[in-house]
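So that the names make sense, note that chain A is the first sequence line, chain B the second, and so on, each numbered from 1. Just so you know, these numbers use all the heavy atoms, side chains as well, and skip hydrogens, waters and symmetry mates. All figures in this text were calculated on a predicted structure; none of them were measured in a lab.
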There are 2 protein chains.
Amino acid sequence: MKRKIASSKLRSAAFTRTRADHSAELAHDYCELIAELIDEKGEARGTDIALRLGVSNATVAKTMKRFSDQGLVEQEPYRAIFLTADGWKLAEDGRRKHAIVEQFLLALGISSKVAQVDAEGIEHHVSDETLKAMARFLARN
Amino acid sequence: MKRKIASSKLRSAAFTRTRADHSAELAHDYCELIAELIDEKGEARGTDIALRLGVSNATVAKTMKRFSDQGLVEQEPYRAIFLTADGWKLAEDGRRKHAIVEQFLLALGISSKVAQVDAEGIEHHVSDETLKAMARFLARN
DNA sequence: CAGAAAGTTTAGCTAGTGCTAAACTTTTGC
DNA sequence: GCAAAAGTTTAGCACTAGCTAAACTTTCTG
């Protein structure tokens, strides 16, 4: 019965991680997008974020307030949004993972549209070990 | 500018899908586990589900009521939980995807523990195209 | 430079997913 | 066959993440 108990613990751990991941995922997505907008235009405005994320302005405002409390972004009232050091860390981490996963999927023969969408979903759920294996695979192909 | 607009739409679509996926993910996880418990013990009791999912009994009860309204599970008061045809469909779909992703990760050289956990996270985010590519890769290796 | 347009914030709503504590039912063990 | 243990349900709370509508501020334009 040892195996079953172990696998049950593993499942519960994975599930717990899944739940915790959902909010982290959102933070990653927002920070990645804000970083992109800053690179493109020098600043990230609420409307642009809302438009690209497919979400209302109000939702962005509320989320930005939460993230500001968590120290991920900085913002003056009625002004654009910027990332803190922590925010940049999340953004860079996300970009790195995203790039590896997307390249990996392309190398596997996935079409570029699907690779982009799947990479977005997968990037938040790959461990470092898996990421390294993907990078290794890419290096060999 | 066409490329940028297209890529922005794609991002928004991916993000929208991510959000919609979160509740579907939960349904998949519950149904998969219920299926497992039924296979193992002939029935799925609330306590067992709660224990394996690392969640309180009350949460399971509430979720089961919701799923019952959605036609995924069937339950008499104070009795065990069973899957409807739709519930079984979700469970089987999840198991199939999980198996392919896990095998794929193992083939990539990931350790079995990590493969199990990562597969749990990834299985909900792979398109059919990617799943097929993984199966193809497995067949060739 | 005043009024319109664009953008932001706030208020108030919904739904999902989690919790604890208390009430209730079923099962078990003496 | 009754009392204790085990399991289930309900009530009530919190937080996240979304929405619309309305109020407010900033920017643009004639």
Side-chain angles (χ1 to χ4, degrees), chain A residues 11-34 37 41-82 90 121 124, chain B residues 11-34 37 41-82 90 121 124:
Chain A
R11 168 188 285 284
S12 155
F15 188 76
T16 302
R17 209 190 66 164
T18 297
R19 267 174 335 214
D21 278 1
H22 283 169
S23 62
E25 227 176 287
L26 196 77
H28 265 96
D29 283 341
Y30 270 93
C31 289
E32 258 181 273
L33 174 56
I34 292 167
L37 285 168
K41 328 193 172 186
E43 60 171 25
R45 279 150 68 252
T47 313
D48 291 339
I49 299 176
L51 192 71
R52 294 233 193 156
L53 250 29
V55 125
S56 76
N57 287 347
T59 297
V60 170
K62 203 195 273 186
T63 305
M64 287 309 101
K65 177 167 278 172
R66 223 174 42 245
F67 283 8
S68 176
D69 291 346
Q70 291 169 217
L72 295 175
V73 305
E74 265 165 357
Q75 185 187 23
E76 307 283 297
Y78 295 99
R79 288 278 110 87
I81 291 137
F82 295 93
L90 276 200
H124 305 293
Chain B
R11 169 189 282 285
S12 155
F15 188 75
T16 302
R17 208 190 66 160
T18 297
R19 270 174 333 214
D21 278 2
H22 283 170
S23 63
E25 228 176 287
L26 195 78
H28 265 97
D29 283 342
Y30 270 92
C31 288
E32 258 181 273
L33 174 56
I34 293 167
L37 286 168
K41 326 191 172 188
E43 59 172 25
R45 278 149 70 252
T47 313
D48 292 338
I49 299 176
L51 193 72
R52 294 232 193 157
L53 250 30
V55 125
S56 76
N57 287 348
T59 297
V60 170
K62 205 195 271 190
T63 305
M64 287 308 102
K65 178 167 279 173
R66 221 172 44 244
F67 284 7
S68 176
D69 291 346
Q70 293 169 215
L72 294 175
V73 306
E74 264 164 359
Q75 186 187 24
E76 306 284 297
Y78 295 100
R79 287 279 109 86
I81 290 136
F82 295 92
L90 276 200
H124 306 293

- Message: Quick one, A:Glu25 and B:His22 - any side-chain contact, counting heavy atoms below 4.5 Å?
- Response: yes
- Item | Heavy-atom side-chain contact between B:Ile81 and B:Ile49 under 4.5 Å |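 With C-beta onward as the side chain, the pair touches.
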Rounded to the nearest angstrom, tell me the gap between atom [atom1] in [X] and atom [atom2] in [N].
X: B:Ile49; N: D:dG7; atom1: CD1; atom2: P; result: 13 Å
X: A:Asn57; N: D:dA23; atom1: CG; atom2: P; result: 17 Å
X: B:Arg79; N: C:dT26; atom1: CZ; atom2: P; result: 6 Å
X: B:Asp29; N: C:dG16; atom1: CG; atom2: P; result: 17 Å
X: A:Leu53; N: D:dG18; atom1: CG; atom2: C1'; result: 12 Å
X: A:His22; N: C:dG16; atom1: NE2; atom2: P; result: 15 Å

Which part of the nucleic acid does [X] contact within heavy-atom distance under 4.0 Å: base, sugar-phosphate only, or nothing?
X: B:Thr59; value: base
X: B:Glu25; value: nothing
X: A:Thr47; value: sugar-phosphate
X: A:Lys62; value: base
X: A:Val60; value: nothing
X: A:Ser23; value: sugar-phosphate

- Item | Position toward the 5' end of DNA chain D (nearest nucleotide), A:Ser56 or A:Tyr78 |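 Whichever sits nearer the 5' end wins; that is A:Ser56.
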- Query: Hey, which of these two, B:Glu76 or A:Val55, hits DNA chain D nearer its 5' end, going by closest nucleotide?
  - Reply: B:Glu76
- Query: Choosing from C:dG18, D:dT20, D:dG18, which nucleotide comes nearest the side chain of A:Thr63?
  - Reply: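 Selected nucleotide (nearest to the side chain): D:dG18.
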Hey, does the side chain of [X] come within less than 4.0 Å of [N]'s phosphate (OP1/OP2), counting only N and O?
X: B:Arg45; N: C:dT27; value: no
X: A:Lys65; N: C:dT8; value: no
X: B:Gln75; N: D:dT8; value: no

For [X] and [Y], which heavy atoms make the closest approach, and how far apart are they?
X: B:Leu72; Y: B:Cys31; answer: CB-SG, 4.5 Å
X: A:Thr59; Y: A:Tyr30; answer: CG2-OH, 4.2 Å
X: B:Ile34; Y: B:Met64; answer: CD1-SD, 4.1 Å

